Amino acid sequence: HTFSPKTYLDRMELTVIRPMIYVKEADVIGFSHTYQLPVAKSPCPADGYTNREYTKDLLKRLNREHPGCKERMFTAILTGNMEDWNFKK
């Protein structure tokens, strides 16, 4: 399961919109370097040791062993008729 690009959090009565979900992390890093943007280190003590980081590393490993794996997974998410993923083809 994954959050959609637009998610309503009912406990907080908050809608979260994540427009950068379609942008590759490497592109964001390159952009920040090109334009010399300041990047703040996360103050979270768990930074780098989360399930998100584990999954990111796992996906990198899988993609190295099976080139194109990451793109195929993302395509499956976009085309898998998941609730609230209104991807325009």
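Keep in mind it's a predicted model, so treat the numbers as computed, not measured. Residue indices begin at 1 and follow the sequence shown.
- The OG1 atom of Thr34 sits 11.5 Å away from the CD1 atom of Ile29 when rounded to the nearest 0.5 Å.
- In the hydrophobic clustering (ILVMFWY side chains linked at under 4.5 Å, chained through shared members), Ile17 stands by itself.
- In this view, Lys60 satisfies the side-chain hydrogen bond (donor to acceptor under 3.5 Å, both in side chains) rule with no residue, not counting sequence neighbours.
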I'd like a table of donor-acceptor pairs (distance under 3.5 Å, sequence neighbours excluded) in which one partner is a side-chain atom from residues 42-51, with atom names and distances.
unit_1	atom_1	unit_2	atom_2	d
Ser42	OG	Cys44	N	3.2
Asp47	OD2	Lys41	NZ	2.6
Thr50	OG1	Arg52	N	3.4
Thr50	OG1	Glu53	N	3.1

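- Every residue two or more places apart in sequence or in another chain was checked for a side-chain hydrogen bond (donor to acceptor under 3.5 Å, both in side chains) with Asp57, and none qualifies.
- Within the hydrophobic cluster formed by Ile, Leu, Val, Met, Phe, Trp and Tyr side chains joined at under 4.5 Å, directly or through other members, Met73 is accompanied by Tyr54, Leu58, Leu59, Leu62.
- With sequence neighbours excluded, the residues forming a ring-ring contact (aromatic ring centres under 6.0 Å, His included) with Tyr35 are Phe31, listed by chain and number.
- Separation of atoms NZ (Lys24) and CD (Glu71) is listed at 5.5 Å; rounding is to 0.5 Å.
- Residue Glu25 holds its CD atom at 10.5 Å from CE of Met20, rounded to the nearest 0.5 Å.
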